[in-house]
Each structure stands twice: as C-alpha cells, then as structure tokens.
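We use all heavy atoms of the structure for the numbers below, so side chains are in, but hydrogens, waters and symmetry mates are not. Just so it is clear, the structure is predicted and the values come from calculations on it, not from any experiment.
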Amino acid sequence: MATAPKPTTAKKESSGSSIFASLTIVICIVIGILIWKFVMGHPSNFDGGDPELGHPLPGNFFGMIYKGGVIVPMLFGMFLMVIVFSIERFIVISKAAGSGSVEHFVRKIQSLLSAGSIDTAIAECDKQKGSVANVIKSGLKKYKEVETDQTMDIEQASLAIQKDIEEATSLEMPMLEQNLTIIATLVSTGTLVGLLGTVTGMIKSFAALATAGAPDQAALANGISEALINTATGISVSTVAIIMYNIFTSKIDKLTYSIDEAGFSIVQTYASTHK
C-alpha cells in the first residue's frame with residue numbers, strides 16, 4: 001500500500017501531458033491556417049491585390065506558398081508541432097539529466113561507493129537533482145536499508161537493491177518518452193501529407209492540359225507550383241522531425257545507460273563489501 005501513490009502521481013502527470021499534447025496539436029494547426037491565410041495570402045503579395053485570382057508578384061515567396069493550396073496550412077501546423085514538441089522534450093530531458101554533467105556525476109558516485117561514503121553519495125544526488133539522480137538516490141537509500149536488515153543474505157539484499165532501482169527507473173524514465181511518439185508520427189505523416197498536396201497539384205495540372213484547344217498555361221503552372229510547394233514543405237517537416245527524434249532518443253539512451261551503470265555499481269559494491 002505504501003507504493004500506491006506513485007502510480008497515481010504518474011497517471012496524473014501522464015493525463016496532464018496528454019491534455020498539453022492535444023491542445024498543442026489543435027493550436028498549431030489553427031496557427032498554421034492563420035499564417036497561410038493572413039500572412040502568405042496577404043493581398044500585397046499578389047497582382048491586383050487578389051489572392052484568389054491574382055498571380056504572385058515576381059519573386060514573392062509568400063505568394064507562391066499561398067498558391068500551394070489548402071494542404072499547405074496543415075503542413076505549417078505540423079512543422080509548428082515539431083518545433084513545440086522538440087522544445088518541450090528538450091526542457092524535460094535537460095531537467096532529467098540534472099544540474100551538471102551526467103557522466104561526471106556517475107563517475108563521482110562510483111568513486112564514493114568505492115570509498116564506502118554512502119551518505120556523501122546521497123548528498124551528491126541531492127545536488128545533482130533530476131530523474132537520474134532520483135533513481136540512484138533510491139538505490140543508495142535501499143543500500144543503507146538492507147545493510148541494517150539482518151534477515152537478508154547478500155544475494156537477497158543485492159536483489160532488493162536492484163529491484164528498487166528498476167522500480168524507480170520505471171517511474172522516472174517513461175516521462176522522458178512522452179510526446180516522442182508524436183514527433184515520430186510526424187516523420188511519416190509529413191511526407192504523406194506533402195505527397196497528398198503533390199497529387200492534388202498534379203491533378204490540377206492535368207486538368208489544365210485536358211481543356212479543349214490550347215492548354216490553360218496559368219492553371220498548368222499553378223498546378224505544378226502547388227505540387228512542388230507541397231512536396232518541399234512535406235519533406236522539410238519530415239526531415240526536421242526525424243533529426244529531432246534521433247537527437248532525443250539518443251539523449252534518453254545515454255541517461256538510461258548512466259542509470260544502468262550506476263545501478264550496477266551500487267549492487268556490485270554491496271556484494272563485494274558484504275562477503
């Protein structure tokens with residue numbers, strides 16, 4: 001019963017994160033539509049001041065993007081999602097790492113363990129803060145607890161320490177991976193939505209070619225432009241998303257490795273000093 005509040009807290013944090021993610025997705029899409037409509041579609045970007053009938057002014061990039069069609073604001077919204085969720089994950093993972101270098105912190109904990117300075121190691125965890133320090137601190141506290149428990153042999157005590165570290169890890173680390181699934185999803189959906197815009201643009205181009213008599217040159221050019229703009233925007237979304245996803249998964253893997261390394265040191269130190 002003593003451990004019951006922990007899952008409840010994790011559940012509340014997960015619920016809050018889900019609400020944040022849902023609101024962020026909606027807000028980003030709305031902002032994307034507003035940018036496309038009122039910035040890219042501003043009358044000053046077009047001949048005659050008409051975004052619907054006029055052509056983009058020569059060299060006007062905003063006007064050309066606006067002519068990319070209704071898929072473009074969706075891609076803008078997805079690009080904003082990548083930026084927002086990347087910033088959010090960067091903040092969360094930085095807090096999990098703590099106030100200093102994780103590698104240096106782990107080496108210091110290992111040194112203190114070798115010297116038998118468990119209390120000092122716990123104090124270092126308080127200084128470091130973050131998820132990594134919290135997990136290691138939990139293991140160190142269990143280390144002190146089993147030392148005073150005369151009913152456990154060395155193997156049982158070592159397993160108890162290891163189990164405590166694993167439980168602490170299972171509570172701390174999943175929060176680091178939240179919202180990464182959204183970034184991972186944007187990797188593929190960015191390309192697919194861009195491809196959808198490409199297809200609609202090509203349909204318009206072929207429709208212009210299919211007209212009786214001479215092809216509608218303006219409609220043909222607009223259709224090709226729409227296809228290329230959607231392709232470029234979709235690829236940009238997917239490229240940024242996959243780069244950020246790989247960066248964050250790499251950071252999480254390093255934190256996980258640091259926890260495993262420190263946890264192994266705690267268990268091994270106990271086993272070697274209590275033979």
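- Within the 3.5 Å criterion, the main-chain N or O of Phe20 finds a donor-acceptor partner in the side chain of Thr24.
- Ser205 places a side-chain N or O within donor-acceptor distance of the main-chain N or O of Gly201, the cut-off being under 3.5 Å.
- Counting only distance, with no hydrogens or angles, the side chain of Arg89 and the backbone of Asn179 share no donor-acceptor pair below 3.5 Å.
- A side-chain donor-acceptor contact under 3.5 Å links Asn134 to the backbone of Gly130.
- Residues Cys125 and Leu140 form a side-chain contact, since some pair of their non-hydrogen atoms from C-beta on lies under 4.5 Å apart.
- A 4.5 Å side-chain heavy-atom check between Leu186 and Phe79 finds every atom pair outside the cut-off.
- Taking the side chain as every heavy atom from C-beta outward, Gln110 and Glu261 approach each other to under 4.5 Å.
- Proximity of Leu192 to Leu196: side-chain heavy atoms (C-beta onward) are nowhere separated by under 4.5 Å.
- The aromatic rings of Tyr66 and Trp36 sit parallel to each other, their planes meeting at less than 30°, with 60° as the upper class boundary.
- Side-chain contact check for Ser258 and Glu103: no donor-acceptor pair (N or O, by modelled atom type) lies under 3.5 Å.
- Under a 3.5 Å cut-off, the side chain of Gln156 and the backbone N or O of Asp153 do form a donor-acceptor pair.
- Between the Ser99 side chain and the Lys127 main chain, a donor and an acceptor come within less than 3.5 Å of each other.
- Two residues are said to be in side-chain contact when any heavy atoms from C-beta on lie closer than 4.5 Å; Ile183 and Ser86 meet this criterion.
- At a threshold of 4.0 Å, the pair Lys141-Asp164 does not count as salt-bridged, since none of the basic side-chain nitrogens sits closer than that to a carboxylate oxygen.
- The closest donor-acceptor contact from the side chain of Gln128 to the backbone of Val106 lies at 3.5 Å or more, if one exists at all.
- Listed for the Thr233 side chain is no donor-acceptor partner under 3.5 Å among the backbone atoms of Asn230.
- A salt bridge links Lys142 with Glu145: the distance from a Lys NZ or Arg NE/NH1/NH2 to an Asp or Glu carboxylate oxygen falls below 4.0 Å.
- Two residues are said to be in side-chain contact when any heavy atoms from C-beta on lie closer than 4.5 Å; Val72 and Ile65 meet this criterion.
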*Decide side chain to side chain contact (heavy atoms under 4.5 Å, CB included) for His55 and Lys67; before the verdict, give the C-alpha distance in whole Å, the side-chain angles of both, and the deciding distance to 0.1 Å.*
CA-CA 9 Å; His55 296 293; Lys67 288 297 183 179; 5.7 Å; no
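- Within the 3.5 Å criterion, the main-chain N or O of Glu167 finds a donor-acceptor partner in the side chain of Ser170.
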*How far apart are the C-alpha atoms of Met244 and Phe90, what are their side-chain angles, what is the distance that settles it, and do they pass the side chain to side chain contact (heavy atoms under 4.5 Å, CB included) test?*
CA-CA 10 Å; Met244 299 311 299; Phe90 178 80; over 6 Å; no
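- Within the 4.5 Å cutoff, side-chain heavy atoms of Tyr143 are placed close to those of Thr269.
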